[in-house]
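Notes to accompany the following structure.
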Amino acid sequence: MAISFNEVPVVEDAETRKQRIKNSLQDNIKQVVRHLYPKAVLSKRDARIGDASGMRGHSMSIALTPGEAGQWIDHATGERGDVLTLIERALNLSSFVDVLTEAEAIIGGKPTERQIVRQNTINAMPEKEKPTVIDTIEYVYRSKEGRRIATVYRDTLSNGKKTFRVHRSSDSTYSAPDPRPLYRLPDIASADQVVLCEGEKCADALNSIGIVATTAMFGSNTQLTKIDWSPLAGKSITLWPDNDEPGHAYMDRVKPVLETLGCSVKRILIPADKPQGWDAADAASSGED
């Protein structure tokens, strides 16, 4: 009996499978988003949802346009990823093999048990009254020459929570620039000593009393590799964390990055009697030395 080589199945390697699945997801991104996030609000450019869990809101955006389809950013944390990491976050997966398996099920229109359970959970969520924005503060990020690069909007909501939006000036989109600039670059350019603190509010408070200070976009939640730290090269830097665990951990991560740029780095020692969350803005407002 002759062997027909036309009947021999083609073995697909892992990278080819990944790219095939990713391409298919991107080609059908609106259907994918509606499947993962039935409460998302879709426009021509992007889909908006509260966070990766599926809660209502607008803090997380998912691109729907060709070339960027599936790219997402959580504007409250600065985290971002592609369509595969979107599935990973949405379905709370820990294995990339599971990500591809779940993705293929979405493409094939045959949801897995995991997806069905999640959909039922989301559908059973009670509709909450949508919080309204009661206050917005704008923080403008500029080049050292004073050109506007981006604006961070901090919205205070009626439920007491805060959300952040970043408007990139170059193309009028709501997304963080890449790389992300440091705050108050014109002040940094002419200073030999700079305080690195958490958040624009703290940097503004210190600058208001004559201390040159800056912050990285998204504070302690920032992705260090996304920030352009080069304007601090060779300068004397004082680290001022918020008085909490995320703040101290953030400065631990930043210190070696600055040292590789030739910075002389020291750190504020926060007095033991200061409350949780005490920061540079609190110190400035109370007139402390």
Side-chain angles (χ1 to χ4, degrees), residues 45-46 48 57-61 63 71-80 132-157 161-233 235 237-242 247 250-251 254 257-258 261 263 279-285:
R45 179 180 294 275
D46 62 17
R48 289 279 177 163
H58 63 271
S59 293
M60 182 171 164
S61 62
Q71 294 181 21
W72 59 272
I73 178 171
D74 188 328
H75 298 279
T77 66
E79 294 180 290
R80 63 172 62 202
T132 57
V133 177
I134 60 175
D135 184 51
T136 298
I137 300 177
E138 298 181 16
Y139 298 105
V140 178
Y141 281 70
R142 300 184 184 277
S143 68
K144 66 179 182 179
E145 296 81 17
R147 177 179 55 85
R148 181 191 292 251
I149 300 174
T151 303
V152 172
Y153 298 90
R154 188 184 74 173
D155 296 328
T156 300
L157 306 181
K161 295 184 178 180
K162 292 180 175 62
T163 61
F164 294 86
R165 297 172 287 131
V166 182
H167 185 270
R168 190 168 61 194
S169 302
S170 60
D171 56 8
S172 300
T173 61
Y174 277 98
S175 62
D178 189 13
R180 298 169 187 169
L182 291 169
Y183 190 49
R184 302 188 71 105
L185 282 177
D187 300 314
I188 295 173
S190 58
D192 295 323
Q193 300 182 38
V194 180
V195 174
L196 176 65
C197 50
E198 285 188 64
E200 297 87 0
K201 180 182 73 171
C202 290
D204 285 346
L206 291 179
N207 278 278
S208 71
I209 58 174
I211 299 173
V212 177
T214 188
T215 187
M217 196 175 287
F218 303 119
S220 62
N221 290 317
T222 197
Q223 294 175 279
L224 299 187
T225 57
K226 296 287 187 179
I227 304 299
D228 179 9
W229 300 100
S230 62
L232 298 179
K235 298 182 185 292
I237 308 298
T238 300
L239 306 179
W240 194 327
D242 289 359
Y250 168 54
M251 293 305 179
V254 170
V257 174
L258 298 178
L261 295 174
C263 298
D279 59 21
D282 295 323
S285 65

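The model shown is predicted, which means the values in this text are computed figures rather than measured ones.
- Two residues are said to be in side-chain contact when any heavy atoms from C-beta on lie closer than 4.5 Å; Ile137 and Lys162 fail this criterion.
- Side-chain contact between Lys226 and Phe218 is absent, with no heavy-atom pair separated by less than 4.5 Å.
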key: Verdict with reasoning, Asp155 to His58, per side-chain contact (heavy atoms from CB on, under 4.5 Å)   = CA-CA 11 Å; Asp155 296 328; His58 63 271; 4.3 Å; yes
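- Judged by distance alone, the side chain of Ser285 and the main-chain N or O of Asp282 form a donor-acceptor pair under 3.5 Å.
- Within the 4.5 Å cutoff, side-chain heavy atoms of Arg48 are placed close to those of His75.
- Without hydrogens or angle criteria, Glu200 side chain to Tyr139 main chain gives no donor-acceptor distance under 3.5 Å.
- Between the side chain of Thr215 and the backbone N or O of Cys197 there is at least one donor-acceptor pair closer than 3.5 Å.
- Residues Trp229 and Leu224 form a side-chain contact, since some pair of their non-hydrogen atoms from C-beta on lies under 4.5 Å apart.
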key: Chi angles and distances behind the side-chain contact (heavy atoms from CB on, under 4.5 Å) call for Thr238, Leu196   = CA-CA 6 Å; Thr238 300; Leu196 176 65; over 6 Å; no
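- Between Pro181 and Met217 there is a side-chain heavy-atom pair separated by less than 4.5 Å.
- Contact check for Ser61 versus Ile73: side-chain heavy atoms found under the 4.5 Å cut-off.
- Pro177 and Ile149 make their closest contact through CG-CG2, 4.2 Å (heavy atoms, listed as atom of the first residue, atom of the second, distance).
- Separation of atoms CD (Glu138) and OH (Tyr153) is listed at 4.5 Å; rounding is to 0.5 Å.
- The shortest non-hydrogen separation linking Ala176 to Val166 is CA-CG1, 3.8 Å.
- Smallest separation of non-hydrogen atoms from Ala216 and Tyr250: CB-OH, 3.5 Å.
- The side-chain heavy atoms of Leu157 and Thr132, taken from C-beta on, include no pair separated by under 4.5 Å.
- With Asn207 contributing its side chain and Ala213 its backbone, the two residues share a donor-acceptor pair below 3.5 Å.
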Check: residues 182-191 side-chain donor-acceptor pairs under 3.5 Å, at least two apart:
unit_1: Tyr183; atom_1: OH; unit_2: Asp204; atom_2: OD1; d: 3.0
unit_1: Tyr183; atom_1: OH; unit_2: Asp204; atom_2: OD2; d: 3.0
unit_1: Arg184; atom_1: NE; unit_2: Asp187; atom_2: OD2; d: 2.8
unit_1: Arg184; atom_1: NH1; unit_2: Asp204; atom_2: OD1; d: 2.8
unit_1: Arg184; atom_1: NH2; unit_2: Asp187; atom_2: OD2; d: 3.2

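- Residues Gln193 and Val212 come closest through the heavy atom pair O-CB, 3.9 Å.
- Atoms CG and CD1, on Leu206 and Ile211 in that order, are 5.0 Å from each other to the nearest 0.5 Å.
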request  = Under the side-chain contact (heavy atoms from CB on, under 4.5 Å) rule, what do Trp240 and Glu198 come out as? Steps first, then yes or no, please.
outcome  = CA-CA 7 Å; Trp240 194 327; Glu198 285 188 64; over 6 Å; no
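- Residues Val257 and Cys263 form no side-chain contact, since every pair of their non-hydrogen atoms from C-beta on lies 4.5 Å or further apart.
- Atoms OG and CZ, from Ser59 and Arg165 in turn, are 9.0 Å apart once rounded to the nearest 0.5 Å.
- Of all heavy-atom pairs between Lys201 and Ala281, the closest is CE-CB, 4.0 Å.
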